[in-house]
K.L.:
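Can you read through this structure? Questions will come right after.
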Amino acid sequence: MALREREARVEARRGRIGTGLYATDAIPAGATILRIRGRVLHWRVILRRKGPGKDNCYRFGPETYLDPGDDVSRYVNHSCVPNAGVRKVGRALYLFAAKSIRAGAEITFDYSTITGDDDIWTLRCRCGRSTCRNVVRNFGSLPLPLQRRYVRAGMVPAFILATFDESPGRRATPNH
């Protein structure tokens, strides 16, 4: 079975800024890395949580998040220059390779791509890239050219784009 037809092999391990997710095989651009598994919960349930349990959740819909629990997907770190993205297909989220990923490389995605206009969450970035934004915010806070690039690459789920209004700089579409 070709890599594009199955999930890639990955492992969680300690890295430069804590535990991250690493490719054990080379992963070609466009390949599915893994299905993000877990429980879908309303945002109010997540908000009431204390401690680190709410930090690893993925936005799943307009009012829901996917809590990966102990799933390996909880270890995917943010980067301002990511090599992966998140897609929603039907009732599932998938992590996919936005570019080729070499064996041994850390798999990262831009957390801004799964945060809607209504998200007030922020994160101090420690990705260390020369283009680091220092603070990760919602998708609408990204520069418009970067929004467009992420949308064209299929790295922003439609439900995230739907949270933004039509004012300039707040919602990107491939045709803008």
Side-chain angles (χ1 to χ4, degrees), residues 1-40 55-61 64-116 119 123 125-133 136 138-139 142-143 145-163 172-176:
M1 184 184 293
L3 186 59
R4 289 181 185 273
E5 297 170 355
R6 66 172 172 83
E7 293 184 0
R9 291 181 13 146
V10 297
E11 66 182 6
R13 67 172 195 240
R14 287 286 291 160
R16 186 179 60 80
I17 59 168
T19 303
L21 192 67
Y22 291 80
T24 57
D25 298 328
I27 305 170
T32 298
I33 298 170
L34 57 83
R35 179 177 178 181
I36 301 167
R37 301 182 190 288
R39 291 181 27 208
V40 177
D55 294 339
N56 298 87
C57 295
Y58 292 77
R59 184 83 181 252
F60 188 76
T64 56
Y65 287 79
L66 188 139
D67 176 1
D70 292 331
D71 189 68
V72 72
S73 62
R74 71 185 291 221
Y75 297 110
V76 184
N77 286 320
H78 164 83
S79 176
C80 293
V81 184
N83 56 15
V86 174
R87 269 192 192 124
K88 186 172 185 184
V89 179
R91 297 279 307 148
L93 291 180
Y94 293 90
L95 187 68
F96 73 95
K99 55 178 89 169
S100 295
I101 302 171
R102 65 176 169 69
E106 184 174 11
I107 299 165
T108 60
F109 77 96
D110 188 331
Y111 288 0
S112 294
T113 62
I114 62 164
T115 54
D119 286 305
L123 172 77
C125 184
R126 300 181 299 160
C127 75
R129 303 303 293 247
S130 62
T131 57
C132 180
R133 298 187 307 267
V136 183
N138 71 32
F139 183 72
L142 296 175
L146 184 56
Q147 287 181 15
R148 289 177 179 150
R149 184 163 39 106
Y150 282 165
V151 170
R152 279 193 301 272
M155 296 169 68
V156 186
F159 65 85
I160 295 297
L161 292 175
T163 69
T173 60
N175 297 325
H176 282 148

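Values below: every heavy atom of this structure, side chains too, minus hydrogens, waters and symmetry copies. Source: prediction; values computed, not measured.
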K.L.:
Quick check for you: to the nearest 0.5 Å, what is the distance between C57 atom SG and R39 atom CZ?
P.N.:
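Answer rounded to 0.5 Å: 10.0 Å.
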K.L.:
Within the side chain of T19, is there an N or O that forms a donor-acceptor pair under 3.5 Å with the backbone of Y75?
P.N.:
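Here the side-chain-to-backbone pair does not exist.
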K.L.:
To the closest 0.5 Å, what do you measure between CZ (R37) and CG (D71)?
P.N.:
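Between atom CZ of R37 and atom CG of D71 there are 7.0 Å.
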K.L.:
For a quick test of reading the model, state the closest non-hydrogen atom pair linking N77 to G20 and the distance between them.
P.N.:
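For N77 versus G20, the nearest heavy atoms are ND2-CA, 3.5 Å.
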K.L.:
Go through the steps to decide whether L66 and T64 satisfy the test side chain to side chain contact (heavy atoms under 4.5 Å, CB included), and finish with yes or no.
P.N.:
CA-CA 7 Å; L66 188 139; T64 56; over 6 Å; no
K.L.:
If you take all heavy atoms of S79 and C127, which pair is closest and at what distance?
P.N.:
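Between these two residues, the closest heavy atoms are CA-CB, 3.9 Å.
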K.L.:
Nearest 0.5 Å, please: how far is CD in E106 from CD1 in I101?
P.N.:
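I101 atom CD1 to E106 atom CD measures 10.5 Å (nearest 0.5 Å).
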K.L.:
Give me the atom names and distance for the closest heavy-atom approach of P82 to K99.
P.N.:
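What the structure gives for the nearest pair is O-CE, 3.3 Å.
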K.L.:
Which heavy atom of V156 sits nearest to which heavy atom of F139, and what is that distance?
P.N.:
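Closest approach of V156 to F139, heavy atoms only: CG2-CE1, 3.4 Å.
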K.L.:
Hey, mind stepping through L95 and L21 against side chain to side chain contact (heavy atoms under 4.5 Å, CB included) and telling me if it holds?
P.N.:
CA-CA 11 Å; L95 187 68; L21 192 67; 4.3 Å; yes
K.L.:
Are any non-hydrogen side-chain atoms of N83 and I107 less than 4.5 angstrom apart?
P.N.:
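Answer yes - side chains close enough.
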K.L.:
What is the minimum heavy-atom distance between R59 and I114, and which atoms define it?
P.N.:
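For R59 and I114, the tightest heavy-atom pair comes out as CB-O, 2.9 Å.
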K.L.:
Going through the distances and angles, do D110 and R133 end up as a salt bridge (charged side-chain N to carboxylate O under 4.0 Å, His left out)?
P.N.:
CA-CA 11 Å; D110 188 331; R133 298 187 307 267; 3.0 Å; yes
K.L.:
Mind checking the CZ-OH spacing from R13 to Y22? Nearest 0.5 Å is all I need.
P.N.:
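The OH atom of Y22 is 5.5 Å from CZ of R13, to the nearest 0.5 Å.
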K.L.:
Taking all non-hydrogen atoms of both residues, which atom of A97 and which atom of I33 are closest, and how far apart?
P.N.:
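Between these two residues, the closest heavy atoms are N-CD1, 3.6 Å.
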K.L.:
Check for a donor-acceptor pair, side chain of K88 on one end and backbone N or O of F60 on the other, with a separation under 3.5 Å.
P.N.:
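The answer is yes, because a donor-acceptor pair under 3.5 Å joins these two groups.
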K.L.:
NE2/H78 to OG/S112 distance, rounded to the nearest 0.5 angstrom?
P.N.:
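OG of S112 is found 6.0 Å from NE2 of H78.
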K.L.:
Y58: which residues meet the ring pair (Phe, Tyr, Trp, His ring centres under 6.0 Å) condition with it, sequence neighbours left out?
P.N.:
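Expected list: F109.
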